[in-house]
Amino acid sequence: MLGVSGVPAVVQFCIMLCLPESPRWLFMKNDKAKAIAILSKIYDIARLEDEIENLSVAEEEERQKRNDVKISDVFKSKEIRLAFLAGAGLQAFQQFTGINTVMYYSPTIVQMAGFRSNQLALLLSLIVAAMNAAGTVLGIYLIDHFGRKKLALSSLTGVIASLVVLAGAFFGKSSGSSNELFGWIAVLGLALYIAFFSPGMGPVPWTVNSEIYPEQYRGICGGMSATVNWISNLIVAETFLSVAEAVGTGWTFVILACIAVLAFVFVIVYVPETVGLTFVEVEQIWKERAWGSGYNTESLLERGNDN
C-alpha cells in the first residue's frame, strides 16, 4: 500500500526533469538567452516581443527593490500583513472546516453512522473520494467564470448546510434509534459536504494565494500560508477522534459548522475578488485597505521601509 503511493511521486519527478525554469527568474539571474529560448516555445513572434519587454521592465523594477525579503518583512508592512492575513486565513479555514477529517476518517464516520461492514464503509469512502476528485475538476471551470470570492462563499454555504445534516444524523443515531435512515442521512451529508467543498474551498485558497502578493513577497508568503495549511491539517487530524469521543460526533460536526460560519464571515470581510485583475491592481487593493482610498501608488517596499 505504501509502495504504490511512491509511483505518482516517481512519475512527477520524471516530468519535473522536463520542466523549464521560470523565464522571469532566469531574467533576474541575467540568463536572458535561456529565458528567451523558453518563451519562444510558448509565444509567437509578436507576443514574444511583448513578453521580453515586460520582463525587461520587471527586471529594472526589481533592481530598485530589495531582493533579500525575510519572514519578518512580511509583518512590517501593513499591506503585506493584510494580504497574508487573507491568504493564511483561507488556508487555515480550508482545514478547520473539516475537509481532511472527512477524507481521512470517512470509513470511520460511515461506521459511526451504523454501517458496521468494513467493505461497505470502504466502498462508501471511495465514492466520497471520487466525488472530491470530480468536484475539483468542476472547480477548474467555475473559479474563473464564477469568481474566487463568490465561489468560496457558495461553497461555504453548502458546507455549513451539509455539516448541519451530518450533526442531525448523528444526534438522531445517538438518541438510541435503530432506524437505518439516520445512517443513510449521514452518508448523504458526507456526499453533500464533498460536493460543495471540492469545487470551492478546495482550489480557492491556493488560487487566491498565488494572486494576492506582490512579486517579491509571492514566494515567501505562499510558503508561509502553505505551512499554515498543513499545521492546521495536523491539528484537525490529531484532534477529531478525541473531540468526537469527548463531546460526541454530532457536537463535533456542530463545532465544524460554527467554524464554517466564521470562515464565511472572514471571506466576506477580508478576501478581495481577484478574478480578472492584474497583480498591480491587486496590490492597489491592499494599499487602499491599509491607507485609505486616497493612497497613491508608491511601492509597497518603500512604505515598508518607512515603517
Side-chain angles (χ1 to χ4, degrees), residues 92-139 142 151-205 232-267:
F93 278 121
Q94 183 192 66
Q95 295 300 324
F96 283 116
T97 49
I99 178 58
N100 279 320
T101 293
V102 171
M103 298 309 297
Y104 296 157
Y105 297 118
S106 53
T108 305
I109 294 171
V110 168
Q111 289 184 326
M112 287 177 175
F115 296 94
R116 298 302 176 187
S117 168
N118 289 332
Q119 288 80 3
L120 180 58
L122 288 173
L123 175 62
L124 292 174
S125 68
L126 284 174
I127 295 173
V128 169
M131 289 185 64
N132 186 40
T136 303
V137 173
L138 176 63
L142 293 177
L151 185 57
L153 292 174
S154 301
S155 175
L156 285 167
T157 300
V159 164
I160 294 167
S162 58
L163 287 170
V164 170
V165 170
L166 274 166
F170 279 97
F171 282 135
K173 196 69 179 176
S174 63
S175 66
S177 173
S178 59
N179 193 337
E180 292 185 358
L181 177 63
F182 290 115
W184 286 108
I185 291 175
V187 173
L188 175 63
L190 281 178
L192 288 174
Y193 178 94
I194 291 297
F196 282 107
F197 185 97
S198 54
M201 281 302 288
V204 166
S232 303
N233 177 15
L234 173 65
I235 293 171
V236 172
E238 287 296 319
T239 59
F240 172 74
L241 291 180
S242 299
V243 173
E245 184 177 353
V247 302
T249 310
W251 282 111
T252 301
F253 284 115
V254 169
I255 293 171
L256 292 176
C258 291
I259 294 174
V261 171
L262 292 177
F264 188 93
V265 175
F266 176 86
V267 172

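- Taking CE from M131 and CG from L126, the interatomic distance works out to 13.5 Å, rounded to the nearest 0.5 Å.
- Residues meeting the side chain to side chain contact (heavy atoms under 4.5 Å, CB included) test with S162, sequence neighbours left out: L192, Y193.
- With sequence neighbours excluded, the residues satisfying ring-ring contact (aromatic ring centres under 6.0 Å, His included) with F240 are Y105.
- F266 meets the ring-ring contact (aromatic ring centres under 6.0 Å, His included) test with F93, Y270; sequence neighbours excluded.
- Take A92 and apply the side chain to side chain contact (heavy atoms under 4.5 Å, CB included) test, not counting sequence neighbours, and it matches F96, V228, S232.
- Here OG1 of T97 is found 11.0 Å from CG of L262. Values are rounded to the nearest 0.5 Å.
- Q95 and V236 make their closest contact through O-CG2, 3.6 Å (heavy atoms, listed as atom of the first residue, atom of the second, distance).
- From L166, atom CG reaches atom CD1 of I185 across 10.5 Å, with rounding to the nearest 0.5 Å.
- A pairwise comparison of heavy atoms in P203 and P199 identifies CG-O, 3.4 Å as the closest pair.
- Applying the side chain to side chain contact (heavy atoms under 4.5 Å, CB included) test to P205 and every residue at least two apart in sequence or in another chain returns L90, Q91, Q94, M201.
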Side-chain donor-acceptor pairs of residues 246-260 under 3.5 Å, sequence neighbours excluded:
{"from": "T252", "atom 1": "OG1", "to": "A244", "atom 2": "N", "distance (Å)": "3.4"}
{"from": "T252", "atom 1": "OG1", "to": "G248", "atom 2": "O", "distance (Å)": "2.8"}

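- The CZ atom of F196 sits 11.5 Å away from the CG atom of L156 when rounded to the nearest 0.5 Å.
- Without hydrogens or angle criteria, S198 side chain to I194 main chain gives a donor-acceptor distance under 3.5 Å.
- Results of the side-chain contact (heavy atoms from CB on, under 4.5 Å) test with V204 over L151, V267, L142 single out L151 as the only residue that passes.
- We find the CG-CG distance between N100 and L234 to be 11.0 Å, quoted to the nearest 0.5 Å.
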